[in-house]
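Below: the structure, in structure tokens.
Numbering starts at 1 and runs along the sequence shown. Because the structure is predicted, anything quoted here is derived from the model rather than measured. Values below: every heavy atom of this structure, side chains too, minus hydrogens, waters and symmetry copies.
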Amino acid sequence: MSEAKSHRKIQSFVKRSGRLSKAQSLGLNDLWSDFGVEINDKELINFDGVFEKQNDITLEVGFGNGDSLLEMAIKQPFQNFIGIEVYEAGVGRIINEASKQNVSNLKIIKDDAVEVIANNIPDESISHFQLFFPDPWHKKRHHKRRIVQKSFLDLLSKKLIDEAMVHIATDWEEYAKHIMETLESHPHFKNRAGGHMYSERPQYRPLTKF
């Protein structure tokens, strides 16, 4: 008699827990209904019902404390932004700050990004995709945990509209090479800067302390 082995699915991010400040708790709990998007298994998000205005959508994965994403949402009022993050302090912080600024074009999802993109983001719905400073998983045996893999790009390409922009930033040289090679070898993506050329930071991406 053989025993079935269970395999833990690799998530795109590891949930971090910690004490929340009063402001972070306010955003995570009291203000969640204003900015949070609840995810139901296999149910596609209706963006027209989520946002007040129908604009192109920028999807950012892993926004951390949210400073960069919030600033972009404020400066681009005619673009809708969705951020996916599992770090509760960051989620609470960005929601609290967005409420103070009366931001109406920003929504937050607190769940694993790969699962959300696979099960809840409609095909051909995203005009911009952002991934800033993802975990490089330095050790070679952990490289399989990196989010930028062919399988992820296969999935992402289905969710993007024609001519959509993919913007990825990293400060780890070896990971930058991996990202470049993975994107350039994929049939659905083209380097706008030219063959094997890295782009300068665009004006719309704010500088942060990180």
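With contacts defined as side-chain heavy-atom distances shorter than 4.5 Å, the pair R192/M165 qualifies. Using a 4.5 Å heavy-atom threshold, the side chains of L59 and I117 count as touching. The shortest side-chain heavy-atom distance between T58 and N80 does not fall under the 4.5 Å cut-off. Between I95 and L106, every side-chain heavy-atom pair lies at or beyond the 4.5 Å cut-off. The shortest side-chain heavy-atom distance between L131 and I179 does not fall under the 4.5 Å cut-off.
Atoms CG and OG, from D30 and S25 in turn, are 7.0 Å apart once rounded to the nearest 0.5 Å. The line from CZ of F35 to OG of S104 is 8.5 Å long, rounded to the nearest 0.5 Å. Interatomic distance, CG of N96 versus CD1 of I94, reported as 11.0 Å (0.5 Å rounding). The CD1 atom of I82 lies 4.0 Å from the CZ atom of F47; values are rounded to the nearest 0.5 Å. Here CD1 of I108 is found 12.5 Å from CG of D34. Values are rounded to the nearest 0.5 Å. The structure places OH of Y87 at 13.5 Å from NZ of K110, a figure rounded to the nearest 0.5 Å.
The backbone N or O of Q76 sits less than 3.5 Å from a side-chain atom of N105, completing a donor-acceptor pair. In this structure a side-chain-to-backbone donor-acceptor pair under 3.5 Å is present from R146 to P136. A distance-only check finds no donor-acceptor pair linking the side chain of N120 to the backbone of L44 [under 3.5 Å]. Between the side chain of E85 and the main chain of F63, a donor-acceptor pair closer than 3.5 Å is present. Side-chain N or O atoms of S185 include one that pairs as donor or acceptor with a backbone N or O of E181 at under 3.5 Å. Side-chain atoms of S125 come within 3.5 Å of backbone N or O of P122 as a donor-acceptor pair. A donor-acceptor contact shorter than 3.5 Å links the side chain of N191 to the backbone of M197. A donor-acceptor pair is defined here as one N or O able to donate and one able to accept, closer than 3.5 Å; no such pair exists between the side chain of E184 and the backbone of G195. Under a 3.5 Å cut-off, the side chain of N119 and the backbone N or O of E115 do form a donor-acceptor pair.
With sequence neighbours excluded, no residue forms a side-chain hydrogen bond (donor to acceptor under 3.5 Å, both in side chains) with K158.
Under the 4.5 Å side-chain heavy-atom criterion for Ile, Leu, Val, Met, Phe, Trp and Tyr, I57 and I161 are members of distinct hydrophobic clusters. The hydrophobic cluster containing V91 also contains L20, counting ILVMFWY residues as joined when their side-chain heavy atoms lie under 4.5 angstrom apart, directly or transitively. Linking ILVMFWY side-chain heavy atoms closer than 4.5 Å, directly or via other members, places L183 and L155 in a single hydrophobic cluster. Hydrophobic cluster membership differs between I147 and M180, with clusters built from Ile, Leu, Val, Met, Phe, Trp and Tyr side chains linked at under 4.5 angstrom.
Counting non-hydrogen atoms of other residues, nucleotides and ligands closer than 6.0 Å to CD of Q149 gives a total above 12.
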Do E124 and K159 pass the salt bridge (Lys or Arg N to Asp or Glu O under 4.0 Å) test, and can you show the C-alpha distance, the side-chain angles, and the key distance before you say yes or no? CA-CA 5 Å; E124 300 180 350; K159 309 301 174 178; over 6 Å; no
Ring pair (Phe, Tyr, Trp, His ring centres under 6.0 Å) for H167 and F132? Distances and angles first, verdict last. CA-CA 8 Å; H167 182 182; F132 299 151; 4.8 Å; yes
Worked check of side chain to side chain contact (heavy atoms under 4.5 Å, CB included) between M72 and F81: CA-CA 9 Å; M72 283 188 284; F81 290 81; 4.0 Å; yes
Using the side chain to side chain contact (heavy atoms under 4.5 Å, CB included) rule, take D67 and R93 through it: C-alpha gap first, then chi angles, then the decisive distance, then the call. CA-CA 9 Å; D67 287 348; R93 185 178 189 280; 2.3 Å; yes
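Between E173 and K177 a salt bridge is recorded (basic side-chain N to carboxylate O distance below 4.0 Å).
Residues T170 and Y175 come closest through the heavy atom pair OG1-CD2, 4.0 Å. I45 and V37 get closest at one heavy-atom pair: CD1-CG1, 4.3 Å.
The aromatic rings of H186 and F189 lie perpendicular to each other, with more than 60° between the two planes, well past the 30° mark. The aromatic rings of H138 and W172 sit perpendicular to each other, their planes meeting at more than 60°, with 30° as the lower class boundary.
Counting only residues at least two apart or in different chains, salt bridge (Lys or Arg N to Asp or Glu O under 4.0 Å) contacts with residues 43-58 are absent.
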